[in-house]
Amino acid sequence: MVSANQEMAVYCFDTLVAHYNSEEAPPPAFDEGQHRWKLRLDEKSRQRCSVEFFPLLLVHHVSCNFECSPLFVTWKKSINGSEPRLRGCIGTLEARALINGFRDYALTSALRDRRFPPIQPKELPHLECTVSILTDYETALHYLDWEIGKHGLIIEFTDPDYNSRRSATYLPEVAAHEGWTKVETMDSLMRKAGYNGYITESLRKRIRVTRYQSTIFTMHYTDYVSYVKRIRGSPPAINGVKHGH
């Protein structure tokens with residue numbers, strides 16, 4: 001199984017820079033190989049999804065003849081050494097070909113995450129990019145059958161107030177970063193899924209939980225510039241961004 005790596009983060013930066021310059025991004029320095037990968041997905045899951053929402057059921061097989069995986073692209077912004085703050089995070093549960101997947105979600109997460117205004121070129125020097133590849137999907141035995149810092153979660157449940165199905169996800173790093181317990185994580189996921197009613201232990205026990213793991217790689221813009229200078233001989237030129245910023 002492929003792991004997230006430096007070249008994937010570089011390609012996401014390349015894609016965003018190329019967008020601002022109205023040009024094609026350089027070819028990625030990773031290839032898609034011939035690995036065959038399968039993920040259980042229903043039709044609703046074969047859509048673009050934000051970090052706040054995932055479709056409901058994992059029931060059908062989707063096959064990919066190249067190196068394919070579910071993936072996420074996350075952009076964070078840090079100014080003057082401050083704690084990086086989220087600027088966009090969108091990915092997919094669908095097994096996507098890696099090159100097309102990272103190209104699509106690098107732009108979607110930067111420009112079309114509905115929680116944030118589109119990232120502007122002047123913000124690039126303050127950005128870091130994290131690429132995530134999701135692996136090892138398992139059905140949890142109950143809502144506490146997972147490990148903080150190790151597992152990401154997809155929950156699905158029926159809203160007792162409206163008799164409607166709801167679902168949401170958190171990537172593996174979220175609960176640990178927020179300092180949540182398992183119960184707090186689950187309750188937060190239910191709110192993310194749009195449930196506004198009273199959360200009872202009985203309702204928690206009716207949640208279906210799919211747990212997964214991920215590999216991640218994070219690159220700051222300054223490291224991206226250093227990479228480009230070393231590999232291509234000159235720093236990236238970006239419309240609207242002066243060198244040295």
Side-chain angles (χ1 to χ4, degrees), residues 2-33 35 48-51 66-92 94 96-134 171 173-174 177 214-245:
V2 67
S3 296
N5 59 47
Q6 173 181 246
E7 286 70 27
M8 294 171 184
V10 168
Y11 186 54
C12 290
F13 269 115
D14 279 346
T15 299
L16 189 55
V17 169
H19 168 79
Y20 294 135
N21 292 338
S22 299
E23 60 188 18
E24 292 292 321
F30 63 92
D31 60 51
E32 293 176 320
H35 184 79
R48 183 164 57 232
C49 308
S50 79
V51 73
F66 294 97
E67 194 78 69
C68 297
S69 287
L71 55 89
F72 269 77
V73 178
T74 303
W75 299 99
K76 291 185 177 182
K77 181 178 178 180
S78 176
I79 298 179
N80 297 327
S82 63
E83 178 77 13
R85 302 188 67 175
L86 188 64
R87 274 299 272 114
C89 180
I90 294 180
T92 179
E94 182 182 352
R96 290 289 304 272
L98 296 180
I99 293 175
N100 288 342
F102 282 121
R103 181 188 63 215
D104 291 348
Y105 288 108
L107 294 180
T108 302
S109 59
L111 306 174
R112 292 187 286 278
D113 187 327
R114 65 182 182 272
R115 297 169 293 174
F116 306 99
I119 293 175
Q120 301 299 311
K122 65 183 180 181
E123 296 180 78
L124 270 168
H126 308 292
L127 293 182
E128 66 179 34
C129 177
T130 298
V131 292
S132 304
I133 292 180
L134 313 186
L171 296 174
E173 57 268 27
V174 172
H177 181 267
S214 70
T215 63
I216 67 173
F217 189 92
T218 299
M219 171 176 274
H220 192 275
Y221 178 79
T222 54
D223 299 318
Y224 165 68
V225 171
S226 297
Y227 177 97
V228 172
K229 290 172 66 175
R230 185 177 74 254
I231 299 300
R232 303 171 191 165
S234 61
I238 305 162
N239 292 337
V241 178
K242 295 181 180 180
H243 294 305
H245 285 207

Does the side chain to side chain contact (heavy atoms under 4.5 Å, CB included) test come out yes or no for S132 and E173, once each step is laid out?
-> CA-CA 10 Å; S132 304; E173 57 268 27; 4.3 Å; yes
Does the pair D223 and Q6 meet the rule for a side chain to side chain contact (heavy atoms under 4.5 Å, CB included), with working shown?
-> CA-CA 10 Å; D223 299 318; Q6 173 181 246; over 6 Å; no
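When side chains are defined from C-beta on, C129 counts as touching C12, because their heavy atoms get closer than 4.5 Å. Residues V131 and F72 fail the side-chain proximity criterion, which asks for heavy atoms closer than 4.5 Å. Here the side chains of L127 and P84 are not in contact, with every heavy-atom distance at 4.5 Å or above. Residues M8 and I133 form a side-chain contact, since some pair of their non-hydrogen atoms from C-beta on lies under 4.5 Å apart. You'll find the side chain of R96 stays beyond 4.5 Å of the side chain of C68, heavy atoms only. The side-chain heavy atoms of E128 and Y221, taken from C-beta on, include no pair separated by under 4.5 Å. Side-chain contact check for V73 versus I90: every heavy-atom pair is 4.5 Å or farther apart. Residues F217 and M219 are in side-chain contact: their nearest non-hydrogen atoms beyond the backbone lie under 4.5 Å apart.
Distance check, rounded to the nearest 0.5 Å: CD1 of I119 to CG of L124 gives 7.5 Å. Here CZ of F116 is found 9.0 Å from SG of C89. Values are rounded to the nearest 0.5 Å. Separation of atoms NE2 (H19) and CD1 (I238) is listed at 12.5 Å; rounding is to 0.5 Å.
Minimum heavy-atom separation, Y224 to V10: CE1-O, 3.8 Å. Nearest heavy atom pair, residue N239 against residue Y20, reads ND2-O, 3.4 Å. Of all heavy-atom pairs between H126 and K122, the closest is CD2-O, 4.0 Å. The two residues A106 and S109 have their closest heavy-atom pair at O-OG, 3.4 Å. Smallest separation of non-hydrogen atoms from P125 and P121: CD-O, 4.0 Å. Residue A25 comes nearest to T15 through the heavy atom pair CB-CA, 4.0 Å, listed as atom of the first residue, atom of the second, then distance.
Paired with L71 under the rule side chain to side chain contact (heavy atoms under 4.5 Å, CB included), one option of V2, L98, L134 passes, and it is L98.
Screening residues 76-88 for salt bridge (charged side-chain N to carboxylate O under 4.0 Å, His left out), with sequence neighbours left out, gives K77-E123, R87-E123.
Remark: aromatic rings of F13 and W75 are close, center separation under 6.0 Å.
For the residue pair T130 and T218, a side-chain donor N or O sits within less than 3.5 Å of a side-chain acceptor on the partner.
Partners of R232 under the side chain to side chain donor-acceptor pair (under 3.5 Å) rule, at least two apart in sequence or in another chain, are D14.
For CD of E23, the number of neighbouring non-hydrogen atoms (other residues, nucleotides, ligands) closer than 6.0 Å is greater than 12.
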